[in-house]
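Read the structure below first, then the notes.
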Amino acid sequence: APAAAPDTAELRKVLRTARSQGAPGAFARVDDNGKALHLAEGVADRGTGRAIGTGDLIRVGSVTKTFTAVVLLQLVDEGKLKLDTSVNTYLPGLLPDKRITVRHVLSHRSGLYDHANSLFAQSVQGFEKVRDRVYTYRQLMDLSLAKPLTNTPGAVYSYSNANFVVAGMLIEKLTGKPVATAYRERLIKPLKLTDTYYVHPKNTIPGRYARGYMTADSSGRKIDSTRQTVSWAQSAGALISSGKDLNRFLSALMRGELTSAAQLKQMLRWTPVNSTQAYGLGLRRRDLSCGSVYGHTGTVQGYYTWAFTTKNGRRSLTSFANTSNNGTVYTTMNRTLEAAFCG
Ligand SMILES: CC1(C)S[C@@H]2[C@H](NC(=O)CCCC[C@H](NC(=O)C[NH3+])C(=O)[O-])C(=O)N2[C@H]1C(=O)[O-]
């Protein structure tokens with residue numbers, strides 16, 4: 001079970017270490033049984049020197065996948081689709097193998113090739129090519145389907161952003177509305193997530209936000225990567241949010257406020273990733289020294305995010321660093337989970 005209280009000293013040490021390893025700024029917000037803890041080190045903006053704060057809006061990357069999965073599970077509750085039915089039943093002819101089900105897509109077991117691997121083989125050049133591009137879902141699927149399936153549908157976990165492009169296509173087909181409407185009507189408004197936006201295809205961030213600085217492959221030079229459409233990801237990674245909102249969303253999810261108990265149970269059926277991690281439906285499980293936590297991580301250029309909560313949703317952590325393509329910072333920031341939950 002989680003420790004009595006988060007280890008604030010250790011959290012601060014981790015954030016300071018991340019800064020020393022190349023993150024211009026880093027923060028951690030813990031919501032612990034209604035009490036909020038705010039820690040921040042460094043800057044949100046290298047140009048102005050403005051200090052980063054836990055209230056800064058951030059690009060959350062693949063934490064978007066959890067929002068997308070919850071919308072689809074709400075549609076299951078509404079009888080609009082079934083998890084073990086072929087994707088091609090709802091999107092005729094989309095996928096090359098009719099054995100790929102909705103559940104395979106949401107648990108990264110479809111075998112669909114991750115088009116991000118091609119786009120970002122060269123980190124900075126790849127990013128510069130796509131940062132202002134606007135893709136259709138069809139164009140993203142063409143990028144993925146240009147390569148063969150990586151595995152037999154359902155056989156193994158193989159992470160692919162293409163899965164949550166398909167999930168977005170399912171939402172738009174089954175609701176008849178853009179995914180932005182589904183996020184807003186089903187999650188953002190009901191939970192009053194006032195810092196959460198799906199602005200695609202715009203490349204700007206509203207309000208007060210952290211600038212992001214990706215790290216170049218060889219030189220380690222920092223490039224301001226704040227301006228981007230994240231159109232290569234969309235329902236797989238384009239949400240903008242804040243620590244407060246992500247903590248609120250994950251807590252509500254695990255308290256059973258967003259889906260039926262039956263669909264939350266489906267979300268928590270695990271495919272092993274490694275000895276301390278597993279993947280459910282759009283949800284990661286991280287096994288810590290004091291127990292498991294549930295949420296998602298996110299990486300878009302210049303933005304590293306961790307968002308996790310306890311099984312009962314009473315303690316949630318969002319930690320963040322405004323850099324990317326920096327494995328040392330990533331490994332360091334992973335330590336915010338033990339500090340926040342196991343003390
Ligand atoms: C599985 C992940 C880590 S990667 C996946 C998704 N993000 C991406 O696929 C973007 C990858 C390129 C990011 C870029 N890296 C490179 O260009 C490397 N050549 C950088 O670090 O700025 C996301 O978010 N997910 C993370 C997740 O789910 O935690």
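Numbering of ligands and ligand atoms starts at 1, following listing order.
Side chains of Gln266 and Arg103: a donor on one and an acceptor on the other come within 3.5 Å. A donor and an acceptor atom, one from each side chain of Tyr279 and His296, are located under 3.5 Å apart. A donor atom on one side chain and an acceptor atom on the other are found under 3.5 Å apart for Thr68 and Tyr183. Side chains of Tyr113 and Ser118: a donor on one and an acceptor on the other come within 3.5 Å.
At a heavy-atom distance under 4.0 Å, no atom of Phe127 approaches ligand 1. Under 4.0 angstrom from ligand 1, there are no non-hydrogen atoms of Tyr213.
Nearest protein neighbour of atom 17 (O) of ligand 1, counting heavy atoms only, is Ser123 OG, 3.1 Å. Protein heavy atom closest to atom 7 (N) of ligand 1, with residue, atom name and distance, is Thr299 O, 2.8 Å. Scanning the protein for heavy atoms near atom 28 (O) of ligand 1, the closest one is Tyr159 OH, 2.9 Å. In this structure, the protein non-hydrogen atom closest to atom 23 (C) of ligand 1 is Ser62 OG, 2.4 Å. The nearest protein atom to atom 29 (O) of ligand 1, hydrogens excluded, is given as Thr297 OG1, 2.5 Å; this is a heavy-atom distance. Distance from atom 14 (C) of ligand 1 to its nearest protein heavy atom, with residue and atom name: Gln301 NE2, 4.1 Å. Atom 11 (C) of ligand 1 has as its closest protein heavy atom Phe120 CD1, 4.2 Å. Considering only non-hydrogen protein atoms, atom 9 (O) of ligand 1 sits nearest to Asn161 ND2, 2.9 Å.
Looking at Asn325 next to ligand 1, an N or O pair under 3.5 Å apart turns up. Between Asp114 and ligand 1, not a single N/O pair is under 3.5 Å apart. Between Lys65 and ligand 1, no N or O atom pair is found at a separation short of 3.5 Å. Below 3.5 Å of separation, one finds no N or O of Trp232 facing any N or O of ligand 1. Checked against a 3.5 angstrom limit, the closest N/O atoms of Val300 and ligand 1 fall outside it.
Between His108 and Tyr159, the angle of the ring planes stays under 30°, which puts this pair in the parallel group of the 30/60° scheme. Aromatic ring pairs are classed by plane angle as parallel below 30°, tilted from 30° to 60° and perpendicular above 60°; the pair Tyr304 and Tyr330 is perpendicular.
Here Lys35 does not pair with Asp31 in a salt bridge; the nearest charged N to carboxylate O distance is not below 4.0 Å. One finds a salt bridge joining Arg248 and Glu257 here, because a Lys/Arg side-chain nitrogen approaches an Asp/Glu carboxylate oxygen to under 4.0 Å. Taking a cutoff of 4.0 Å between a charged side-chain nitrogen and a carboxylate oxygen, Arg99 and Asp97 qualify as a salt bridge. Salt-bridge formation is not detected for the pair Asp45/Arg208: no Lys NZ or Arg NE/NH1/NH2 atom is positioned less than 4.0 Å from an Asp or Glu carboxylate oxygen. Salt bridge status for Arg12 with Glu41: present, with a side-chain N to carboxylate O gap under 4.0 Å.
Atoms of ligand 1 found under 4.0 Å from any heavy atom of Arg284 (numbered from 1 in listed order, with element): 1 (C), 27 (C), 28 (O), 29 (O). The atoms of ligand 1 that sit less than 4.0 Å from any heavy atom of Ser324 are 20 (C), 21 (O), 22 (O). When each atom of ligand 1 is checked for a heavy atom of His296 under 4.0 Å away, the hits are 28 (O).
Heavy-atom distances between Gly298 and ligand 1 reach below 4.0 Å in at least one pair. For Phe164, the closest heavy-atom approach to ligand 1 does not fall below 4.0 Å. Taking 4.0 Å as the cut-off, Gln122 does not count as a neighbour of ligand 1 on heavy-atom distance.
Scanning all heavy atoms of the two residues, the minimum distance from Thr305 to Val60 falls at OG1-CA, 3.9 Å.
A 4.5 Å side-chain heavy-atom check between Arg211 and Arg46 finds every atom pair outside the cut-off.
Proximity of atom 4 (S) of ligand 1 to the protein is not indicated, since no non-hydrogen protein atom lies closer than 4.0 angstrom.
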